[in-house]
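Just below is one structure, and these are the notes that go with it.
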Amino acid sequence: MTGPPGAAAPGPSAAPPATGPAHRAVPPRRALLAGAAGNFVEWYEFGVYGCFATVIAERFFTPAGAGADPAVPLLAAYASFAVAFFFRPAGALLFGRLADRAGRRPALVLVIALMTLATTLIGLLPDRATAGAAAPWLLVLLRAVQGLCAGGEFGGAVALMTEHAPPGRRGRYGAWQSFTVALGLLAGAAAAALTASLLSPAALSGWGWRIPFLLALPLGLTALALRTALPGPPIRTFSPEPAPAPEPASGIGTVRAVVLGVGRIMGWSAAGYTFLVVLPSYLQSTLGASFREALIATTLANLGFAASILPAGRLSDRVGRRPVMLAGALAVALCALPLLHLLRDPDAAAPAKAAALLAAGATVGLLAGPGPAMLAEMFPSSVRCTGLGLAYALANAVFSGCAGLIVTALTAATGDPDVPAYYAGGLCALSALALAGLRGDDHRGALR
């Protein structure tokens, strides 16, 4: 029988598996680069979509001559954002099983190819003025394809990076998954900000918003080249660390681990999307900020996020996943409300607001840095891609994909501008309870 979720398997260490034709070793840095490249492209697109949510609402979800509440098209744009997340669990199951059975490489090549194609097509998609009522449905269809691909991306990439990490560095290598998420979001925000600064508002709304989406094509082709260059036959379970003999995965144990994994990362999911993706539209629609001001605020939060991820992953290799992730969850729970009050304060100094945004992003990084390695340590190799991918996809579908929809709807219904703080802080408080059950020595044992 396998141990409790998150625990290293007991027993004496064995020699690493032979690296014959079915188990060719990948150099750690090469595995890291191939795994992280796809994450960057995926989250670049999500960052671009979040930044252009108001423009997309206008171009795709506003009927001609509509005089209704302007919040309705924005809610529709966020609904299409959520659709992609609800397809993630299906993608985690589909591509996760492919990665667990046929190898990591074919699954990772397939998901990045499909993701790049879908993102490029969004940039070419006719809007409602051209295609009529079909336009929003075509957009939703492409978002669904992206959701399937994103669901398969996380499990395969994290498995590839953590399974090939040098001993004692799983947290650091797994943190690169989250770090490239931050880089992708930053790149998306930067592309949106640059486009907005170079074009007039009319040109940006008319055609300029398409440019950042089309940039995903060369980025995706680069990631595809890195992944197809991985040695074959497909890599399956090679690990440079000594590991015990494989144990059969229990179906009930895997389900329990998935549910527990969702609980441990739901605060990360909610806080990450509230502060790093939803923030631009919230600042514009609720606080009256300009598009450029909202992008600057989001960029600062993402800089704080990016700066803390790798140090948090390295620290978790030394002191364990539990103390680092607990610190992040509790920090968000305690500081989310004061942060929004500071942003709304007209008398608060700009440097104070900038520092608060940096700090908010950094607290999310404390969760995101150790998170991938923590999830990888919860599942045996035979179901690792499926298990950790499904836990991540479910948490993101429920607590991230719906973040913009929930925050926008509740803020409009209640008139309370503190809704984002209640959402992120409350879920982080619940997540802290699940994180408290992590074993303190999980980071020291070999992957099962």
Side-chain angles (χ1 to χ4, degrees), residues 46-47 49-55 57 70-71 74-75 77-78 81 182 185-186 188-190 192-193 196-197 267-308 328-368 399-400 402-429:
F46 276 94
Y49 193 96
C51 290
F52 283 115
T54 53
V55 177
L74 184 58
L75 286 172
Y78 276 130
F81 191 80
L185 291 173
L186 280 171
S197 66
W268 167 19
S269 300
Y273 272 79
T274 301
F275 294 143
L276 307 177
V277 177
V278 175
L279 192 60
S281 297
Y282 169 80
L283 291 175
Q284 292 174 79
S285 61
T286 304
L287 304 185
S290 69
F291 185 65
R292 287 184 177 88
E293 289 171 338
L295 286 178
I296 291 172
T298 306
T299 301
L300 287 172
N302 277 279
L303 283 173
F305 177 57
S308 66
L330 293 175
V332 173
L334 294 173
C335 298
L337 192 58
L339 168 68
L340 288 194
H341 287 177
L342 178 62
L343 292 178
R344 291 204 306 271
D345 185 357
D347 298 325
K353 293 183 178 182
L357 288 165
L358 287 168
T363 58
V364 181
L366 293 178
L367 294 163
F399 303 109
S400 294
C402 292
L405 193 60
I406 292 172
V407 168
T408 303
L410 289 180
T411 301
T414 65
D416 187 350
D418 290 333
V419 167
Y422 300 144
Y423 182 75
L427 286 172
C428 276

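Listed by first and then second residue, the side chain to side chain donor-acceptor pair (under 3.5 Å) pairs that reach into residues 413-425 are H341-D418, R344-D418, sequence neighbours excluded.
The two atoms that bring A329 and C428 nearest to each other are O-CB, 3.4 Å, heavy atoms only. A pairwise comparison of heavy atoms in A362 and S308 identifies O-OG, 3.0 Å as the closest pair. Closest non-hydrogen pair, L367 versus G267, comes out as CD1-C, 4.3 Å. The minimum heavy-atom distance linking T299 with A189 is given by the pair OG1-CB, 4.0 Å. In terms of heavy atoms, A333 sits closest to G425 at CB-O, 3.5 Å.
Evaluation of the side chain to side chain donor-acceptor pair (under 3.5 Å) rule for D345 yields no partner, not counting sequence neighbours. Here A190 pairs with nothing under the side chain to side chain contact (heavy atoms under 4.5 Å, CB included) rule; sequence neighbours left out.
T363 contributes atom OG1, which lies 10.0 Å from atom CZ of F305 (distance to the nearest 0.5 angstrom). Between the SG atom in C335 and the CG atom in L342 there is a gap of 11.5 Å [rounded to 0.5 Å]. To the nearest 0.5 angstrom, L303 atom CG is 10.5 Å from L276 atom CG. Rounded to the nearest 0.5 Å, atoms CG (L357) and CG (L339) are 6.0 Å apart. The distance from atom CG of N302 to atom CZ of F275, rounded to the nearest 0.5 Å, is 12.0 Å. To the nearest 0.5 angstrom, L186 atom CG is 10.0 Å from L300 atom CG.
A 4.5 Å side-chain heavy-atom check between L366 and V332 finds every atom pair outside the cut-off. Counting heavy atoms from C-beta on, the side chains of P420 and L340 come closer than 4.5 Å.
In this structure a side-chain-to-backbone donor-acceptor pair under 3.5 Å is present from S400 to S269.
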